[in-house]
Structure formats: C-alpha cells, structure tokens
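Just so it is clear, the model here is predicted, and its values are computed rather than measured. Counting from 1, the numbers follow the sequence of the chain as shown.
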Amino acid sequence: MSRPLPLLFAPLLASLVAAFAAPATADTFFSQAVPPDHLSRPSLDQVLARLAPRANPGVLRLAARALNCADPGADRLAVIDFSLSSNEPRMWVFDLKQQRLMFRELVSHGEGSGDEMATMFSNIPDSHQSSIGLFRTLNSYEGSNGYSLRLQGMEPGVNDNAYDRAIVIHGADYVSEEFIEQNGRIGRSYGCPAVRSEIAIPLIDSIKDNQYVFTYYPDQTWLEDSAFLRCPTDAHRLAMNRQPQ
C-alpha cells in the first residue's frame, strides 16, 4: 500500500526547515547554506584548508564562498579570524594562483573591539572598533603609520565606511611577541588590522591593488544577511564587481 503524500514529503520539509535555521558558527553556517552536493566550486576551500591546516576550516569555507561570489578569478586572499586570541597568528595570506601560503601572522584589532579577544565590531567612525566582512584592497601609500594599504569595505552597513574611517593595513611596533611578553597581549589599533613592522611592506605588496581581505567573527546578523555569504547568481557577482573603486 502506498504511503500518503504528506508522509512522503515530511523528510524533505524537515531538511528545508533545518537548512534555514540560524547558524551558530562558521561550520554550521556553511553546512546549512551550501549542501555538499551543490558546491559550484568545490576546490577553493579545500585548497585553503590544505595550505593553512591550523586555521578553522569553517572560516576558510566562508572566505572561499565570499571570494567566489565577489571575484572567483582573484590572485590573492587574506583571511583574518577575529574569533581567535590576538596573542596567536590569526591572519593568513594566500597566493591562489600558485596555491601557496605566503604569510601566517599576528594582527591587531581596534581598542574599542576588546582587549586580548575582540568581541565588538563596528562600521561607525571614531568607534575605534574593527570591522568584519569582505574588503577589496586598493593602493598602498606612505602615511602617518608608515607604509599602508587602503581597504574598500564591500558590505553595506557592515564595513563600507572603512575607506572614510581610514581602516588600513599597516605595520606597528605593538604587534610583536615581545609586546605580548611584556603586556599579556599585542597592542590595539584604532580599528586597523596592523601587522608586525618587519613584514608590513612585503605583506602589503602581496595583496595590494584589487585583491581581497576577508575578516571573520561569528556575528549572527552578518552571517545571516551577508550578500557574499549567500550569493545566489552569477548576475549578483557581476553586479558586486561593478562597484566603484
């Protein structure tokens, strides 16, 4: 005897409900938003995970998804995991064409975001907080913090004030193992992702001029609403690429 139609569709309905439940972490977000059988570009996240085995693979999957949405032909990608302690390397820079890890580094967060751990993020000027989301890199320049790299925030309401806030990558003496030994944590910026002074120039040169930086924190609203993490079509990706620089 055949089963009633409602019973036949019950498992499908349950899976759809689960797929749209609010994600709690990078791992659960990706598993719910992108079922494995429907990955259009299955290799990028696997390459990132192979090159950076100490990084959270869920964060790398989100970074790969955001980059595939914005610019799947990009040459370089930097990933910052602000959910980690500032006392450990939490920035990875990837050469996507050569499939190699270029840098694994300490990186600061803003003094308004927290002490050792960053817990608060903002897009508001003078908040002295870091921002999360996807950024496009612009030009390098010599400024008050030395050699620096301008960033264009690509997510409205999340990081799109980065340029006007002067959120840039630069070197800083307070980003070092010595500073950690003396103070219990690295120093903090006014919101900039500052790196060790001795590697600032080569790191900036590796990702300047229309490459990408993905910064992560398990913020529920961003995970649920980011267009780059829920990129539905090629048309949407092309529209994002036409944003003014």
Spacing of [atom1] belonging to [X] relative to [atom2] belonging to [Y], to within rounding of 0.5 Å:
{"X": "Phe121", "Y": "Asp219", "atom1": "CZ", "atom2": "CG", "value": "8.5 Å"}
{"X": "Lys208", "Y": "Arg76", "atom1": "NZ", "atom2": "CZ", "value": "11.5 Å"}
{"X": "Leu149", "Y": "Ser140", "atom1": "CG", "atom2": "OG", "value": "7.0 Å"}
{"X": "Phe94", "Y": "Leu51", "atom1": "CZ", "atom2": "CG", "value": "6.0 Å"}
{"X": "Arg150", "Y": "Ile204", "atom1": "CZ", "atom2": "CD1", "value": "11.5 Å"}
{"X": "Asn87", "Y": "Glu181", "atom1": "CG", "atom2": "CD", "value": "10.5 Å"}

| query | So does Arg90 pair up with Asp81, basic N to acidic O under 4.0 Å? | reply | no
Tell me if a side-chain donor or acceptor on [X] pairs with a main-chain N or O of [Y] at a distance below 3.5 Å.
{"X": "Thr215", "Y": "Ile80", "answer": "no"}
{"X": "Asp95", "Y": "Arg100", "answer": "no"}
{"X": "Thr137", "Y": "Gln211", "answer": "yes"}
{"X": "Ser127", "Y": "Ser122", "answer": "no"}
{"X": "Ser108", "Y": "Cys192", "answer": "yes"}
{"X": "Arg230", "Y": "Glu224", "answer": "yes"}
{"X": "Thr119", "Y": "Gly114", "answer": "no"}
{"X": "Ser148", "Y": "Gly143", "answer": "no"}
{"X": "Asn161", "Y": "Ile124", "answer": "no"}

Using the rule that two of Ile, Leu, Val, Met, Phe, Trp, Tyr join whenever any of their side-chain heavy atoms come within less than 4.5 Å, decide whether [X] and [Y] are in one cluster.
{"X": "Ile132", "Y": "Leu84", "result": "yes"}
{"X": "Ile199", "Y": "Met91", "result": "yes"}
{"X": "Phe103", "Y": "Val213", "result": "yes"}
{"X": "Leu106", "Y": "Ile169", "result": "no"}

If I compare all heavy atoms of [X] with all of [Y], which pair ends up nearest, and what's the gap?
{"X": "Ala63", "Y": "Leu77", "value": "CB-CD2, 4.3 Å"}
{"X": "Leu229", "Y": "Ala66", "value": "CD2-CB, 4.2 Å"}
{"X": "Gly191", "Y": "Ser130", "value": "O-OG, 3.5 Å"}
{"X": "Tyr217", "Y": "Ala118", "value": "CE1-O, 3.3 Å"}
{"X": "Val175", "Y": "Val107", "value": "CG1-N, 4.4 Å"}
{"X": "Arg185", "Y": "Asp115", "value": "CD-C, 3.7 Å"}

Distance-only side-chain donor-acceptor flag, [X] / [Y], under 3.5 Å:
{"X": "Arg165", "Y": "Ser131", "answer": "yes"}
{"X": "Glu155", "Y": "Ser226", "answer": "yes"}
{"X": "Trp92", "Y": "Glu105", "answer": "no"}

| query | Could you walk me through whether Tyr216 and Phe82 pass the side chain to side chain contact (heavy atoms under 4.5 Å, CB included) check? | reply | CA-CA 6 Å; Tyr216 169 82; Phe82 277 133; over 6 Å; no
| task | For atom CG of Asp173, decide whether the heavy atoms of other residues, nucleotides or ligands shown that lie under 6.0 angstrom number more than 12. | result | no
| query | Does OH in Tyr190 sit with more than 12 non-hydrogen atoms of other residues, nucleotides or ligands closer than 6.0 Å? | reply | no
Are [X] and [Y] close enough that some pair of their side-chain heavy atoms sits under 4.5 Å apart?
{"X": "Glu111", "Y": "Ser189", "result": "no"}
{"X": "Ser86", "Y": "Met117", "result": "no"}
{"X": "Phe228", "Y": "Met154", "result": "yes"}
{"X": "Leu67", "Y": "Phe214", "result": "no"}
{"X": "Leu203", "Y": "Ile207", "result": "yes"}
{"X": "Leu96", "Y": "Asp75", "result": "no"}

| query | Could you walk me through whether Leu151 and Val168 pass the side chain to side chain contact (heavy atoms under 4.5 Å, CB included) check? | reply | CA-CA 6 Å; Leu151 300 175; Val168 301; 5.6 Å; no
| Given Ser176 and Glu198, is the side chain to side chain contact (heavy atoms under 4.5 Å, CB included) satisfied, shown in steps? | CA-CA 10 Å; Ser176 67; Glu198 54 266 40; 5.8 Å; no
| Stepwise side chain to side chain contact (heavy atoms under 4.5 Å, CB included) test for Val158 and Asp225 | CA-CA 10 Å; Val158 176; Asp225 296 344; over 6 Å; no
| Asp160 vs Asn123, side chain to side chain donor-acceptor pair (under 3.5 Å): CA-CA, chis, key distance, verdict | CA-CA 7 Å; Asp160 59 340; Asn123 193 37; 2.7 Å; yes
| Does NZ or CZ of Arg136 come closer than 6.0 Å to the centre of the six-membered ring of Tyr212, within 45° of the ring's axis? | no
| message | If you apply the rule salt bridge (Lys or Arg N to Asp or Glu O under 4.0 Å), what do you find for Asp45 with Arg65, and how did you get there? | response | CA-CA 8 Å; Asp45 58 301; Arg65 179 154 177 79; over 6 Å; no
